[in-house]
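First comes the structure, then the notes that go with it.
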2 protein chains.
Amino acid sequence: MTTTIKRRDAGVSLFHALSDVTRLEIMERLKEGEQCVCDLTDALKTGQSRLSFHLKVLKDAGLITDRPEGRWTYYALNREGLEELEAVVQALRGSRPRVGSSSRCR
Amino acid sequence: MTTTIKRRDAGVSLFHALSDVTRLEIMERLKEGEQCVCDLTDALKTGQSRLSFHLKVLKDAGLITDRPEGRWTYYALNREGLEELEAVVQALRGSRPRVGSSSRCR
DNA sequence: TGTACGGATCAACGAATGTTGATTACTCAT
DNA sequence: ATGAGTAATCAACATTCGTTGATCCGTACA
């Protein structure tokens with residue numbers, strides 16, 4: 001199915017975006033609510049360039065949104081992205097946990 | 001919290017394990033039920049060494065289990081791993097979607 | 001016991017990722 | 001207009017990850 005493939009690709013980029021400690025920390029911080037980059041550099045004690053890189057990865061995956069305002073840019077969790085993530089994860093659960101379905105090894 | 005850190009590390013390895021097309025394909029195949037490596041090499045039309053590598057990543061992350069029997073090794077989804085994955089994903093959902101909580105940028 | 005098969009492991013290589021520091025662009029206050 | 005502050009982008013480099021082919025190990029069957 002095309003939709004299966006699409007979900008697979010979406011899965012890859014979602015999972016990849018979350019497969020990094022720094023990015024998971026960012027997500028945890030954003031659970032507290034919208035934050036600007038300077039909040040995050042303080043909180044995570046890391047360089048601005050590095051943070052910007054990771055924020056971009058999360059944003060490209062659709063997991064967070066940015067809202068530039070004046071000199072600052074505010075980042076927040078993206079509910080849609082998280083819902084898609086949940087959908088992908090749900091799809092991983094074996095629909096039929098059939099036992100002994102293995103076929104041709106004799 | 002230590003538990004938070006633990007969940008974060010678990011998250012990193014779970015997400016990393018799933019951040020690859022081949023490995024997602026393997027997971028999809030295993031939804032059909034237990035399969036031996038030869039089933040999978042056929043199905044995915046790929047080399048045995050490559051497959052073995054990816055199976056190991058999934059297994060190390062706790063997402064699948066192996067059951068050697070005779071000359072064959074059967075792989076299957078690991079329900080516990082998938083449940084942990086779901087737990088990690090649930091934990092990502094913002095508990096409080098507070099708006100305007102951003103603090104110190106003036 | 002020997003040989004054929006399934007599968008894990010290893011070394012070597014190339015590709016993709018993450019890090020760092022410098023530069024750039026934009027906004028605000030003076 | 002100038003200078004200071006915020007954040008994105010870039011180039012260079014280091015590290016990690018995935019691929020491939022060879023080799024090794026264990027099991028089964030002659």
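This is a predicted model, so every value here is computed, not measured. First the proteins, then the strands, lettered A, B, ... as listed; each starts at 1.
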Verdict with supporting geometry, B:T22 and B:T46, side-chain contact (heavy atoms from CB on, under 4.5 Å): CA-CA 10 Å; B:T22 305; B:T46 188; 5.7 Å; no
Using side-chain contact (heavy atoms from CB on, under 4.5 Å), reason through A:L63 and A:L82 one step at a time and then give a plain yes or no. CA-CA 6 Å; A:L63 286 164; A:L82 287 171; 4.1 Å; yes
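Distances from the side chain of B:D20 to the nucleotides C:dG18, C:dG7, D:dG18 place D:dG18 closest.
Taking 4.5 Å as the limit, every side-chain heavy atom of A:Y75 sits out of range of all side-chain heavy atoms of A:T65. Inter-residue side-chain proximity for A:E83 and B:R93 is flagged as met; some heavy-atom pair is nearer than 4.5 Å.
At whole-Å resolution of the value, CZ in B:F15 and C1' in C:dT17 are 18 Å apart. To the nearest angstrom, P of D:dT19 lies 17 Å from NZ of B:K45. One interatomic measurement links the two molecules: CH2 of B:W72 to P of D:dT27, which rounds to 13 Å at whole-angstrom precision. For the pair A:D42 CG and D:dA7 C1', the computed distance is 14 Å after rounding to whole Å. Rounded to an integer number of Å, the gap from A:R67 CZ to D:dA7 C1' is 15 Å. Computed from coordinates, the A:Q35 CD to D:dT6 P distance equals 15 Å when rounded to whole Å. Taking atom CG of residue B:L40 and atom C1' of nucleotide C:dG6, one finds them 13 Å apart after rounding to whole Å. The nearest whole Å value for the distance from the CG atom in A:L44 to the P atom in C:dT19 is 12 Å.
Listed pair B:R23 / D:dG18 meets the phosphate criterion, a side-chain N or O lying under 4.0 Å from OP1 or OP2. The shortest distance between the side-chain N/O atoms of A:H54 and the OP1/OP2 oxygens of C:dT19 is below 4.0 Å.
Rounded to the nearest 0.5 Å, atoms CG (B:N78) and CG (B:L30) are 11.0 Å apart. Taken to the nearest 0.5 Å, the CD1 atom of B:I26 stands 14.0 Å off from the NZ atom of B:K31. Summarising the geometry, atom CD belonging to A:E34 is positioned 10.0 Å from atom CG belonging to A:D66; distances are rounded to the nearest 0.5 Å.
Of the two residues near DNA chain C, A:S19 and A:E69, the one whose nearest nucleotide lies more 5' is A:S19.
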If you restrict it to nitrogen or oxygen atoms, what contacts under 3.5 Å exist between nucleotides 8-11 of chain D and the protein, and what is each distance?
{"from": "D:dA8", "atom 1": "OP1", "to": "A:Y75", "atom 2": "OH", "distance (Å)": "2.7"}
{"from": "D:dA8", "atom 1": "OP2", "to": "A:S52", "atom 2": "OG", "distance (Å)": "2.6"}
{"from": "D:dA8", "atom 1": "N7", "to": "A:Q48", "atom 2": "NE2", "distance (Å)": "2.6"}
{"from": "D:dA8", "atom 1": "N6", "to": "A:Q48", "atom 2": "OE1", "distance (Å)": "3.2"}
{"from": "D:dT9", "atom 1": "O4", "to": "A:S49", "atom 2": "OG", "distance (Å)": "3.3"}

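Residue-environment remark: CD (A:E80) stays at or below the threshold of 12 foreign heavy atoms within 6.0 Å.
Using a 4.0 Å heavy-atom distance criterion, A:G47 is classed as making no nucleic acid contact.
End-to-end axis angle for the helix from C:dT1-D:dA30 to C:dT30-D:dA1, using five pairs per end and rounding to 10°, comes out at 20°.
Using a cutoff of 4.0 Å between basic side-chain nitrogens and carboxylate oxygens, B:E25 and B:R23 are not scored as salt-bridged.
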